[in-house]
Structures are given as structure tokens and as C-alpha cells.
Amino acid sequence: MTNIHEYARMRQRALDENHLITRFLHASNRLFSRAYHKVEVLTPCPLPREGPAIVICNHISSLDPFLIQGTSQRVIRWMMAKEYFDLPVAHTLCGMLGFIPVNRSGRDSESLKAGLRALAAGEVLGIFPEGRISPTRELLPFQPGLGVIAQRTGATIYPAALEGIPRNLSMVSAAAIPQTAKIFYGPPMTNSDRNKTFSADFRQAVQALQCQALAKTC
């Protein structure tokens with residue numbers, strides 16, 4: 001099994017978001033998510049054309065990063081559970097695109113540092129703050145890592161919500177079976193929007209968008 005140090009070396013070899021291969025993979029994923037899986041964007045993706053940003057979203061399936069990426073013009077460096085990197089195809093793609101593996105068994109300072117470096121380099125960081133896929137439509141409590149990253153970097157947060165995909169599918173099944181998902185983006189949350197309870201504010205913003213998405217999918 002690949003260890004965290006090998007993932008770090010993969011991240012160093014990750015392609016720039018304007019690299020020709022990256023752009024090809026990005027275009028292929030847009031076709032995969034928008035044409036094959038019929039992802040409907042109900043509010044436009046508001047990410048800036050350049051500079052650091054953080055996308056946060058509820059987590060409903062292993063397919064989420066690819067569907068959300070398909071709605072964005074920017075390449076998103078997703079923080080993902082380490083076990084997904086151990087799948088043969090995912091290992092190569094995630095390494096090329098600079099995804100960041102997260103060890104969910106305990107405190108993971110390496111993934112936190114990698115996320116901070118991505119933002120310092122002007123990249124877009126993607127985070128599922130719940131830390132795992134919720135078995136129900138109830139939004140799980142947010143993990144503290146998002147608050148730490150937001151506080152240390154001051155990067156603008158872009159909340160989103162995704163609904164419409166069954167929660168009990170494996171990664172292979174979720175990719176192979178055509179889905180019909182809807183995604184809502186909310187207004188950006190900047191430093192001026194924050195107070196001492198900004199982690200709770202982030203969760204409230206995603207929850208409000210989730211309610212809108214559920215209203216469109218039910």
C-alpha cells in the first residue's frame with residue numbers, strides 16, 4: 001500500500017493547472033460529468049479566474065470531486081481520503097492533478113500543510129468538511145481542519161451543495177451508472193464575513209444550499 005510520503009512526492013510532481021495534459025483531463029472530466037452524469041448547475045460557479053480559493057461542499061458519494069470539478073473552470077486540488085488513492089486508476093489521476101490524501105484515522109498534519117501550500121501557491125483547494133460521506137441527508141458536523149486552514153490563510157470560502165446521487169454506491173458503481181445530480185453554489189464568504197464562530201457559519205451556509213438542492217431533487 002502506498003504511504004503518505006509517496007503521496008507527498010506525487011504532489012510535488014503534480015501538473016500545473018494550465019499544463020496541456022491537465023487541460024485535457026479537465027475537458028474530459030467536464031464531458032464525463034456534464035454529458036454522461038447530467039450534472040445540472042443551478043447557480044453559476046463563482047470561483048475567481050486566478051488566485052487562491054477554498055471550495056467546501058457536502059459529501060454524498062465518492063464521485064463528488066469529479067462532478068464538482070466538472071462545473072469549474074479552475075482545477076481544484078481536492079483533499080480526499082487516502083484509501084481512494086490506492087485504486088490503480090485513481091492513484092495516477094489523483095497524483096497528476098495534485099489531489100491531497102487525508103489520513104482519516106487521526107490527526108493528519110501533513111495533509112494540512114499540503115493544503116496550506118496549495119493556497120500559498122494561488123491554487124483552489126477543495127474540502128469536504130464533514131470528513132466522510134454521510135449515510136443520510138443530514139449534514140454531519142464539520143471537522144476542525146477547515147477552520148484552521150481558513151484562519152491561517154484568510155482565503156475566500158466558496159460554499160456549495162450537491163444532491164441527487166445515491167449514497168450507497170461504490171466508487172466504481174457511482175462512476176459507471178449514469179447519475180442525475182444538481183449543484184448549488186452560494187456567495188463567497190470573505191474575512192469580513194467571519195467572526196469567532198466562522199466554522200459554524202460555513203456549515204450553516206452549506207446547509208442552506210443543501211436545502212435548496214434537496215427542494216430541486218425531491
> So which of Pro188, Pro52, Pro48 actually passes side-chain contact (heavy atoms from CB on, under 4.5 Å) with Thr156?
Replying inline: Pro188
> Quick one: are Ser28 and Leu31 in side-chain contact, heavy atoms under 4.5 Å?
Replying inline: no
>> Quick one, Leu125 and Thr153 - any side-chain contact, counting heavy atoms below 4.5 Å?
In response: no
> With a 4.5 Å limit on heavy-atom distance, are the side chains of Arg167 and Pro135 in contact?
Replying inline: no
>> Over 60° means perpendicular and under 30° means parallel, so tell me whether Phe32 and His37 are parallel, tilted or perpendicular.
In response: perpendicular
>> Looking at Arg74 and Gly51, would you say the former's side chain and the latter's main chain have a donor-acceptor pair under 3.5 Å?
In response: yes
> Less than 4.5 Å apart, any side-chain heavy atom of Arg152 and any of Leu119?
Replying inline: no
> Who are the side-chain contact (heavy atoms from CB on, under 4.5 Å) partners of Pro166, not counting sequence neighbours?
Replying inline: Asn168, Leu169, Gln179
>> Test of understanding: with ring-ring contact (aromatic ring centres under 6.0 Å, His included), list the residues that count as partners of Tyr158, not counting sequence neighbours.
In response: none
Could you go through residues 39-47 and list every donor-acceptor pair under 3.5 Å that involves a side-chain atom there, pairing it with any protein atom two or more places apart or in another chain?
residue, atom, partner, partner atom, Å
Thr43, OG1, Tyr185, N, 2.6
Thr43, OG1, Tyr185, O, 2.9

> Is the shortest heavy-atom distance from the side chain of Val148 to the side chain of Leu116 under 4.5 Å?
Replying inline: no
>> Here's a test for you: under side-chain contact (heavy atoms from CB on, under 4.5 Å), which of Val75, Ile54, Ile76 qualifies with Val124?
In response: Ile76
> Within the distance-only criterion (no hydrogens, no angle test), does the side chain of Gln143 pair as donor or acceptor with the backbone N or O of Gly131 below 3.5 angstrom?
Replying inline: no
> Does CD belonging to Gln207 count more than 12 external heavy atoms closer than 6.0 Å?
Replying inline: yes
> Any donor and acceptor pair, going by atom type alone, linking the side chain of Arg203 with main-chain N or O of Pro129 inside 3.5 Å?
Replying inline: no
> How about Val55 and Trp78: do any of their side-chain heavy atoms sit closer than 4.5 Å?
Replying inline: yes
